[in-house]
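Notes to accompany the following structure.
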Amino acid sequence: MITLNTFEQFKRAFIVLAATSLYMALVLAGSSPAHGPIIKLRHGTSSNWSGYAASGAANSFTSVAASWRQPSVTCGSQTAYSSYWVGLDGYSSSTVEQLGTEADCSSGTARYSAWYEMYPKRSFPVTMVINPGDAMSASVTYRGSGDYLLSLADTTTGKTFTTTQKLGSARRTSAEVVVEAPWSGGTLPLANFGTASFTGAVANNQPLGGFSNLDPITMVNPYGMKATPSGFDATKRNFSIAWSAQ
């Protein structure tokens, strides 16, 4: 007899397999969204990033980490996307070493997933069930000789993921904690995530909000703001990002 717990395990496994298969189909078709460098419009604004980035000279940053509650997206009829991640590079360089979660809307249905990407290489799915409200933690650490350790944990479910990737061309000129509207031939519509709250944001094991060269980034479109970061709290580690438009 199949118990309820066994049924739930089968269901979760099916969801992961379906999401992974769909993701890989998109990758093979060349239509998978990418999580590339910031598209700056002017100082403090971007068409694809919202959050915070600390920047410096080459080799300034060796690690970045943060935690967040996976936002629940509100879906209408339009397909829309949102990514939540930590990374090195991308603010003032052409590579990004990153991983995080995704909350997208497809035909009115919310879909949640996880991924990592060593841009300009393509992104890869992480076979982890992501649910709205899950407590996520992520980190990217430079280990020398072009090697990076990428770690993602869902502390709600107890699932973890780690991978070591190599990218010798990375300059390590920035560290960021970001909500992103991914790219596929242009900046994609931003899914309505409400508010994304980040905690424990650190770079080089120091509070991200304490860096002197720190840029708060507001995501905008031609008509106004799309997503806006709050200020840091007293610990200089915690902040939130509020959605306002696609």
Side-chain angles (χ1 to χ4, degrees), residues 20 23-24 27 32-40 46 48-68 70 82-102 113-128 130 134-155 159-180 182-183 196 198-211 213-215 217 237:
T20 303
Y23 190 99
M24 291 310 299
V27 168
S32 175
H35 310 89
I38 188 173
I39 302 171
K40 294 180 182 177
S46 165
N48 65 328
W49 284 16
S50 182
Y52 281 91
S55 60
N59 306 318
S60 292
F61 295 93
T62 57
S63 65
V64 62
S67 300
W68 63 93
Q70 177 58 50
S82 62
S83 301
Y84 314 81
W85 56 265
V86 303
L88 298 175
D89 284 317
Y91 179 78
S92 53
S93 58
S94 59
T95 69
V96 198
E97 306 83 56
Q98 58 188 320
L99 84 165
T101 60
E102 191 94 2
S113 58
W115 53 270
Y116 71 90
E117 186 170 344
M118 302 291 286
Y119 188 89
K121 299 178 182 179
R122 68 175 178 85
S123 63
F124 289 86
V126 173
T127 53
M128 182 185 294
I130 305 298
D134 281 1
M136 309 299 305
S137 293
S139 64
V140 175
T141 305
Y142 178 66
R143 305 182 73 179
S145 302
D147 288 339
Y148 293 81
L149 178 67
L150 284 67
S151 300
L152 183 69
D154 185 331
T155 57
K159 301 297 183 181
T160 61
F161 167 83
T162 60
T163 181
T164 300
Q165 299 291 318
K166 184 177 285 290
L167 191 63
S169 61
R171 298 176 58 213
R172 293 185 286 113
T173 59
S174 65
E176 50 271 337
V177 178
V178 164
V179 170
E180 180 182 10
W183 172 276
F198 292 93
T199 60
V202 295
N204 297 347
N205 295 317
Q206 301 297 318
L208 183 63
F211 281 81
N213 197 2
L214 184 72
D215 189 7
I217 306 163
R237 297 169 184 258

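The shortest distance between side-chain heavy atoms of T95 and M118 does not fall below 4.5 Å. Using a 4.5 Å heavy-atom cutoff, the side chains of E176 and Y52 are not in contact. Looking at heavy atoms from C-beta onward, Y84 lies in side-chain contact with V179 at the 4.5 angstrom threshold. With contacts defined as side-chain heavy-atom distances shorter than 4.5 Å, the pair I39/W49 does not qualify. Using a 4.5 Å heavy-atom threshold, the side chains of V126 and Y116 count as touching. Between L208 and R237, the closest side-chain pair of non-hydrogen atoms is not below 4.5 Å. Residues Y91 and D215 meet the side-chain proximity criterion, which asks for heavy atoms closer than 4.5 Å.
Listed here is the closest heavy atom pair of E180 and G36: OE2-N, 3.6 Å. When all heavy atoms of G90 and V96 are compared, the pair lying nearest together is CA-CG2, 3.7 Å. What you find for L152 and A114 is that their closest heavy atoms are CD2-CB, 3.6 Å. Across every non-hydrogen atom of S63 and T141, the tightest pair is CB-OG1, 4.1 Å.
Judged by distance alone, with hydrogens and angles left aside, the side-chain atoms of T173 form no donor-acceptor pair with the main-chain N or O of D89 at under 3.5 Å. The closest donor-acceptor contact from the side chain of S145 to the backbone of D147 lies at 3.5 Å or more, if one exists at all. With hydrogens and angles ignored, the 3.5 Å screen pairs a side-chain donor or acceptor of R172 with a backbone N or O of F61. A donor-acceptor contact shorter than 3.5 Å links the side chain of N204 to the backbone of T62. For the pair D154 (side chain) and T160 (backbone), a donor-acceptor distance under 3.5 Å is absent. In this structure, the side chain of K40 does not engage the main chain of S92 through any donor-acceptor pair within 3.5 Å. Side-chain atoms of T155 come within 3.5 Å of backbone atoms of A135 as a donor-acceptor pair (strictly under, hydrogens ignored). With hydrogens and angles ignored, the 3.5 Å screen pairs a side-chain donor or acceptor of N48 with a backbone N or O of P37.
Interatomic distance, CG of N213 versus OG of S60, reported as 9.0 Å (0.5 Å rounding). Between I38 atom CD1 and S93 atom OG the span is 11.0 Å, to the nearest 0.5 Å. In this structure, M128 CE and F161 CZ are separated by 7.5 Å, a value rounded to the nearest 0.5 Å. In this structure, CG in L149 is found 5.0 Å from CZ in R143, a value given to the nearest 0.5 Å. In this structure, CD in Q70 is found 6.5 Å from CD1 in I130, a value given to the nearest 0.5 Å.
Screening L150, T162, T163 against L99 for a side chain to side chain contact (heavy atoms under 4.5 Å, CB included) leaves a single residue, L150.
Remark: aromatic rings of W68 and W85 are distant, center separation not under 6.0 Å. The aromatic ring centroids of W115 and H35 lie less than 6.0 Å from each other.
When only modelled atom types and interatomic distance are considered, S113 and E102 share no side-chain donor-acceptor pair under 3.5 Å. Residues S67 and S137 bring a donor and an acceptor atom of their side chains to less than 3.5 Å of each other.
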- request: Using the side-chain contact (heavy atoms from CB on, under 4.5 Å) rule, take E97 and L167 through it: C-alpha gap first, then chi angles, then the decisive distance, then the call.
  value: CA-CA 8 Å; E97 306 83 56; L167 191 63; 3.6 Å; yes
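Every residue two or more places apart in sequence or in another chain was checked for a salt bridge (Lys or Arg N to Asp or Glu O under 4.0 Å) with K159, and none qualifies.
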